[in-house]
Undergrad: 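Starting off with a structure, shown below.
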There are 2 protein chains.
Amino acid sequence: MTETFLPHPDVAAALKALDGRKTDHVFFVACGGSLSIMYPAKFMLDQLSNSLPSDVYNAAEFTHRAPKRLTSNSVVILCSMTGTTAETVAAAAFARKAGALTISLSVEPQSPLGQGSDHLVSFEAPYTTGVPIDAKNSNYARIYQIVLGLVQRYDGVERMGALMRSLDALQSVIDKAQEVLAPRFDQYAPHFAKQDVIYTMASGASYGAAYSYANCVLMEMQWINSYPIHANEFFHGAFEVLDKKRCYILMKGLDDTRPLEDRAEAFLLRFGSPENILVVDATKFDFAGVDEMFRGALAPLVFFDTLWRFAYRLADLRKHEMMEARRYMKKLNDY
Amino acid sequence: MTETFLPHPDVAAALKALDGRKTDHVFFVACGGSLSIMYPAKFMLDQLSNSLPSDVYNAAEFTHRAPKRLTSNSVVILCSMTGTTAETVAAAAFARKAGALTISLSVEPQSPLGQGSDHLVSFEAPYTTGVPIDAKNSNYARIYQIVLGLVQRYDGVERMGALMRSLDALQSVIDKAQEVLAPRFDQYAPHFAKQDVIYTMASGASYGAAYSYANCVLMEMQWINSYPIHANEFFHGAFEVLDKKRCYILMKGLDDTRPLEDRAEAFLLRFGSPENILVVDATKFDFAGVDEMFRGALAPLVFFDTLWRFAYRLADLRKHEMMEARRYMKKLNDY
């Protein structure tokens, strides 16, 4: 029984390195899709820790900004799927030079990031290999374990066991959500496939999923114009482009900011056309086995995984390959 | 002589209230255009303070997220031009309930925000009244004074005098920049006025200007689709939509993240068309009278003020009123 309460061995080893260290700041540092998981990680830390302030930075921004808070009392958590993202590798070196403890997430322990960090936490990703993974081995799952290890150590908050049990149940939640959403995606895909602009929207723990879906799926993979709009910032400018023709994907999560997403939904449905407003609502998912306290944190994994399948539907209809159609990324090596 | 070294009396009064208080966190909280000034304020604090961690939050996100770091040791800095933004007023009340010291910026001291905060710092804004102001009385100018007051007190960093002298010279920098940029705006406006999508881009101290220009000018005032893209995040997804037809406004500032903007410029000019890439470069401005150490912080004011005039050019060409054309904002009162 006790086994299931323990975090992944890589996480445990990284946390062990905190013995005897003072920690007064956490930096979450990455680029693009890997940056997107840092938003919910900080959300969790913000809600659980009184002792650890934190920042989320794009890796190049972090290195050039050079925040004064970065010292030997900092923990810097980095992520790059391949472990080769140049800016993130440079950020790890920069952080180590400042004496910070670096913990990096990558699928490749032998990568430059893995080799250039104090601790490597491995994870699995389906998107490069095409081989399905269990979501409990994803980057989200591992970074949440790191965050809970920090709050366990510095704030006395004990939630690791509940997280580990919840992660065991997660893949089944995602699989069931795929079935629930399939008819809805069938309905929306033909219309969305014709769009030149599709906005994404969310808040709180789900904002990262909206961020990666806009940047790394719609813009990068489908060359569709987008913008991940924060669900409340929407009302302070961006909402003026809403009309009967404008398309939005709104993620409604289960964290404490859900009222912001509810308000955005009401407005979108009032002034937009129903066929243009794709709402993915986590209350429609069956979270059996997932502790109430983690449903908000795990909803974005369900959003991203299910909407990933929606993106493949768009790609088929647009005849625009998901993984191969790139103008620049991995096609050029001199920028 | 000594007079010019002192911050605005409202700022001085707010800072005085820190006497005898312990401060271990700063929250910058607002919505929309007022949120945009919080990014460079945090940039300045990050680069100057080892003792004060900080966060920037949309006001509704802040209230619902309810970060555990918010305590009676927090300083919460809020801004709303009119002082009536409901989410910001609620955030001030939420922060005061937690025992935090609240300092709010508004043009209206008698507003709900002014009345609902511990300290009100007034500023001037030209955009509601149409009456030109001196930039030294803007929201940016006042929030920088607050930040420098904090680092003076908690980090022993003395820069207030240099800031106040630099602010005295700022309006003249802006006026001269308008002249320099006028022919460039003449050249780009007819083409940009026809666009359905215009992206903005910047990093570091200038990111807030890109944020407000995308959200509050292009989207809100001109109903043009946009997205304020971070200059390095661009390379991790968003850049794939770049082609010979896509339009961008890139701000190149003078802070330490300028290399990120340089790299974005080179890429934009390599794969985009020159007539679609409007680069506003702060090295072209005459910063006489502004201390070197503040040119990075003050460049975004010059960007925003000059590009504001560019927006009016677009509005004329599009026959789309800048201040009056709204579907929802100030037209509805039930959302």
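Throughout, a chain's letter reflects where its sequence line sits, starting with A, and its residues are numbered from 1.
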Undergrad: Which residues, numbered in order, of residues 236-244 of chain A come under 4.5 angstrom of chain B by heavy-atom distance?
TA: A:His236, A:Gly237, A:Ala238, A:Phe239, A:Glu240, A:Val241, A:Leu242, A:Asp243
Undergrad: Are A:Arg326 and A:Trp223 in a cation-pi contact, defined as NZ or CZ under 6.0 Å from the six-membered ring centre and within 45° of the axis?
TA: no
Undergrad: Quick one: which of B:Asn58, B:Asn50, B:Asp256, B:Thr85 has the most heavy-atom pairs under 4.5 Å with chain A, could you say?
TA: B:Asn58
Undergrad: Run the side-chain hydrogen bond (donor to acceptor under 3.5 Å, both in side chains) test against A:Tyr227 and tell me which residues pass, sequence neighbours left out.
TA: B:Asn215
Undergrad: Is it the case that the side chains of B:Thr88 and B:Ser80 hold a donor-acceptor pair, with the cut-off being a distance below 3.5 Å and no angle test?
TA: no
Undergrad: Given that the side chain runs from C-beta out, which part of B:Leu70 has a heavy atom under 4.5 Å from chain A: side chain, backbone, both or neither?
TA: neither
Undergrad: Is B:Ser203 in contact with chain A via its backbone, its side chain, both, or neither, using a 4.5 Å heavy-atom distance?
TA: both
Undergrad: Name the residue from A:Tyr248, A:Phe234, A:Tyr213 that meets the ring pair (Phe, Tyr, Trp, His ring centres under 6.0 Å) definition with A:Tyr199.
TA: A:Tyr248
Undergrad: Give, as side chain, backbone, both or neither, the part of B:Asp55 having an atom under 4.5 angstrom from any heavy atom of chain A.
TA: side chain
Undergrad: What do you reckon, are the aromatic ring centroids of A:Tyr328 and A:Tyr335 less than 6.0 Å apart?
TA: no
Undergrad: Is B:Tyr211 in contact with chain A via its backbone, its side chain, both, or neither, using a 4.5 Å heavy-atom distance?
TA: side chain
Undergrad: Select one option (side chain, backbone, both, neither) describing which atoms of B:Ala264 are under 4.5 Å from chain A's heavy atoms.
TA: neither
Undergrad: Mark yes or no: B:Arg263 above the aromatic ring of B:Phe235, with NZ or CZ under 6.0 Å from the six-membered ring centre and no more than 45 degrees from the axis.
TA: yes
Undergrad: Do you know which of B:Arg65, B:Gln47, B:Glu220, B:Arg270 has the most heavy-atom pairs with chain A at a distance under 4.5 angstrom?
TA: B:Arg65
Undergrad: Find the distance between CD1 (A:Ile224) and NE2 (A:His320) and round it off to the nearest 0.5 Å.
TA: 8.0 Å
Undergrad: Does any backbone or side-chain atom of B:Gln222 lie under 4.5 Å from a heavy atom of chain A? Answer side chain, backbone, both or neither.
TA: neither
Undergrad: Against chain B, label A:Asp196 side chain, backbone, both or neither, depending on which of its atoms sit under 4.5 Å from a heavy atom there.
TA: side chain
Undergrad: Which heavy atom in B:Gly204 sits nearest to a heavy atom in B:Phe43, and how many Å separate them?
TA: CA-CE1, 3.5 Å
Undergrad: With a 4.5 angstrom heavy-atom cut-off, is it the side chain or the backbone of B:Asn73 that approaches chain A, or both, or neither?
TA: neither
Undergrad: After noting the C-alpha distance and the side-chain angles of B:Val151 and B:Arg159, does the key distance pass the side-chain contact (heavy atoms from CB on, under 4.5 Å) rule?
TA: CA-CA 9 Å; B:Val151 299; B:Arg159 298 200 174 183; over 6 Å; no
Undergrad: Applying side-chain contact (heavy atoms from CB on, under 4.5 Å), name anything that partners A:Ser226, two or more places apart in sequence or on another chain.
TA: A:Thr200, A:Ala214, A:Leu218, A:Met219
Undergrad: Heavy-atom distance under 4.5 Å to chain A: side chain of B:Arg258, backbone, both or neither?
TA: neither
Undergrad: Taking the six-membered ring for Trp, are B:Phe94 and B:Phe62 parallel (under 30°), tilted (30 to 60°) or perpendicular (over 60°)?
TA: perpendicular
Undergrad: Using a 4.5 angstrom heavy-atom cutoff, name the option from A:Ser49, A:Gly33, A:Ser54, A:Ala325 with the most pairs to chain B.
TA: A:Ser49
Undergrad: For B:Ser51, is it the side chain, the backbone, both, or neither that has a heavy atom closer than 4.5 Å to a heavy atom of chain A?
TA: backbone
Undergrad: For the interface with chain A, which of B:Ala231, B:Cys216, B:Ala205, B:Pro228 has the highest count of heavy-atom pairs at distances below 4.5 Å?
TA: B:Pro228
Undergrad: Can we say A:Lys68 and B:Asp155 salt-bridge, meaning some charged N sits less than 4.0 Å from an Asp/Glu carboxylate O?
TA: no
Undergrad: Please classify the contact between A:Leu45 and chain B as side chain, backbone, both or neither, with a heavy-atom cut-off of under 4.5 Å.
TA: neither
Undergrad: My understanding is that only residues two or more places apart in sequence, or in another chain, count here; which of them pass side-chain hydrogen bond (donor to acceptor under 3.5 Å, both in side chains) with A:Glu265?
TA: A:Lys252
